[in-house]
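Both ligands and their constituent atoms are indexed starting at 1 by order of listing. Every value quoted in this text rests on a predicted model; they were computed, and no experiment measured them.
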Amino acid sequence: MSELTGSGDFIAGLPKAELHLHIEGTLEPELMFRLAEKNGVDLPYESVEALRAVYDFPNLQGFLDLYYGGMAVLVDGQDFYDLTRTYLERAHAEGIRHAEIFFDPQGHTRRGVPLNVVIEGITAALADGRQALGVSSRLIMCFLRDLSAENAMDTLESALPHREHIVAVGLDSAEVGNPPAKFREVFRRALSEGFLTVAHAGEEGPAEYVMDSLDQLGVSRIDHGVRAMEDPKVVARLAEEGVPLTVCPLSNVRLKVFEDMAEHPFKEMQDVGLRVTVNSDDPAYFASYINDNYRALRDAFDYTEVELADLARSSFKASFLDESDKQKHLREIDTYLASR
Ligand code: HPA
Ligand code: ZN
C-alpha cells in the first residue's frame, strides 16, 4: 500500500505503545550540540551534519561506541529532563499513548553523574509528559552487560531508594560473550525486591541467550529476540509461554543483523505464533521513530490496516500497564479502526 492510499496517516493516527526505547538513544544531534555548548563538552564533530554522517554502523559495537560518546553531554538534571521531554513530545506526535523507557544508569554514574540526578530529571519529565501530553510511561533500569555483575549489583542497590519510579530491570549493551548467566544473582535480587525483569537477548547473541534469559533471569519479555528463530526449541518455548518480544526492525537493519527489511524475520515470527511488538530502540541514531518502523513493515510485508491495528493492540497487551488501562487503549483502537 502506498502513502497515496492514506495508510501513512493511518499509522500516524493509530494509538500505540512503545516498549523498547533507550532514552539516551533519543538524543538528536541538534540537542547534543546544544547541551555540549551549554556544558562545555568538546564534541569531535564540526557540525550536526558531520555527526549525522558518521551514523553508519558496521554492527552493534560500532553503534554503542557513538552512543556512549554522545552521553557525555548529559550532565545535570535539566539535561535529562530536556532529553526525556523532547522524546515524549515526539512520541505524542507519533500516536504513542504509553512508553516503557530504558535508561542506562552506569553510562552516567561512571562519568561522575550521580544516579539521583539522572532519575530525578527523567521522572520529572515523565510526570509532566503524563500531565501535559497524556502519554503514560514506565521506567526500566538496564545494566550494561559488558560491565561486571558486581557493578550491576551495586547499581541495583543504589537504585532501591528510587524503586517507586522503576518498574523493571533489564540488560543491554554488548551481548556476545556476556551471557544471561553472568547476571543471575543480580536478577534474583531484583525479583526479590519486587522488580519485573526483561533482557536484550538474541539480537547479536545466539538463540541460547533467549532461553537462558527465561530460565535464569525470570524475564517477563525478551527485547529483540530475532535470533530465537534459529532454534526451533526456543521458538516453541516462546510460543508456548506467550512471551512478548519487543522487536525493533529498522534497528536490526541499521546494525546489520539483517541486510534489509525483506530479510527480516518479523512476519515469520508472527506466523510461528510469537507475540511480536514494533519498537524503535534508538531512534535518533537510526533515523527512524516508531511510525517509520510500522511503515517499513507495511511496505515489506503488505500489512493491511487491520493487521497494523493488531500490532498496535499487541503493544498494549505486552505492556506493564494494568488490565483496565490496557482495555481502555484496546477500545480506543477499535474506535479508531471503526472510524476509517
Ligand atoms: N542493543 C544493546 N544495547 C543497546 C541497544 C541495543 O540495541 N541500544 C542501546 N543500548
Ligand atoms: Zn535496545
Side-chain angles (χ1 to χ4, degrees), residues 17-28 32 55-72 74 80 83-84 87 91 99-111 118 122 138-147 151-152 155 168-180 182-183 197-206 209-210 213 217 219-228 244-258 264 266 276-290 292-293 315 318:
E18 172 141 78
L19 307 179
H20 186 152
L21 182 280
H22 300 264
I23 199 64
E24 297 90 346
T26 70
L27 179 60
E28 290 284 352
M32 196 191 294
Y55 287 180
D56 179 14
F57 310 111
N59 52 29
L60 173 60
Q61 190 60 53
F63 154 71
L64 289 171
D65 293 343
L66 279 164
Y67 169 82
Y68 294 123
M71 287 184 194
L74 300 165
F80 287 92
L83 175 73
T84 307
Y87 164 68
E100 302 194 347
I101 298 176
F102 297 126
F103 74 113
D104 284 330
Q106 293 151 298
H108 311 300
T109 53
R110 69 179 172 186
R111 302 181 289 114
V118 179
I122 294 173
R138 297 285 187 275
L139 200 51
I140 302 173
M141 180 172 81
C142 282
F143 303 116
L144 302 186
R145 66 198 309 156
D146 44 348
L147 302 186
N151 199 319
T155 302
V169 301
L171 205 54
D172 65 4
S173 200
E175 185 183 4
V176 174
N178 294 296
K182 179 175 166 185
F183 296 94
T197 62
V198 297
H200 283 55
E203 179 187 19
E204 278 194 349
Y209 285 15
V210 174
S213 298
L217 307 181
V219 298
S220 302
R221 295 194 299 242
I222 293 286
D223 299 312
H224 291 295
V226 286
R227 290 198 58 202
L245 306 179
T246 64
V247 180
C248 308
L250 288 174
S251 163
N252 295 149
V253 173
R254 304 277 191 260
L255 299 186
K256 316 279 194 297
V257 177
F258 304 104
H264 198 284
F266 192 91
V276 288
T277 63
V278 185
N279 308 274
S280 73
D281 210 2
D282 302 281
Y285 288 89
F286 304 148
S288 42
Y289 282 80
I290 197 164
D292 298 312
N293 280 274
S315 71

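- With a 4.5 Å cut-off on side-chain heavy atoms, Glu203 and Asp281 count as touching.
- Within 4.0 Å of ligand 1, heavy atoms belong to protein residues His22, Leu60, Phe63, Leu64, Tyr67, Asp172, Ser173, His200, Glu203, His224, Asp281, Asp282.
- The backbone N or O of Gly62 sits nowhere less than 3.5 Å from a side-chain atom of Asp65 that would complete a donor-acceptor pair.
- With 3.5 Å as the limit, one finds a donor-acceptor pair spanning the side chains of Glu18 and Tyr87.
- For the ring pair (Phe, Tyr, Trp, His ring centres under 6.0 Å) test, no residue two or more places apart in sequence or in another chain qualifies with Tyr68.
- Heavy-atom minimum distance, His22 versus His20: NE2-NE2, 3.4 Å.
- Checking Thr246 against Asn279 by side-chain atom types alone, no donor-acceptor pair falls below 3.5 Å.
- By the side-chain contact (heavy atoms from CB on, under 4.5 Å) test, Pro244 is found to be paired with Arg221, Arg275, Ala318, residues two or more places apart in sequence or in another chain being considered.
- Centroid-to-centroid, the aromatic rings of His200 and Tyr209 stay 6.0 Å apart or farther.
- If you look at the Zn ion (ligand 2), the protein N, O or S atoms less than 2.8 Å from it are His20 NE2, His22 NE2, His200 NE2, Asp281 OD1.
- Ile23 pairs with exactly one of Phe102, Phe80, Phe103 by the side chain to side chain contact (heavy atoms under 4.5 Å, CB included) rule, that one being Phe103.
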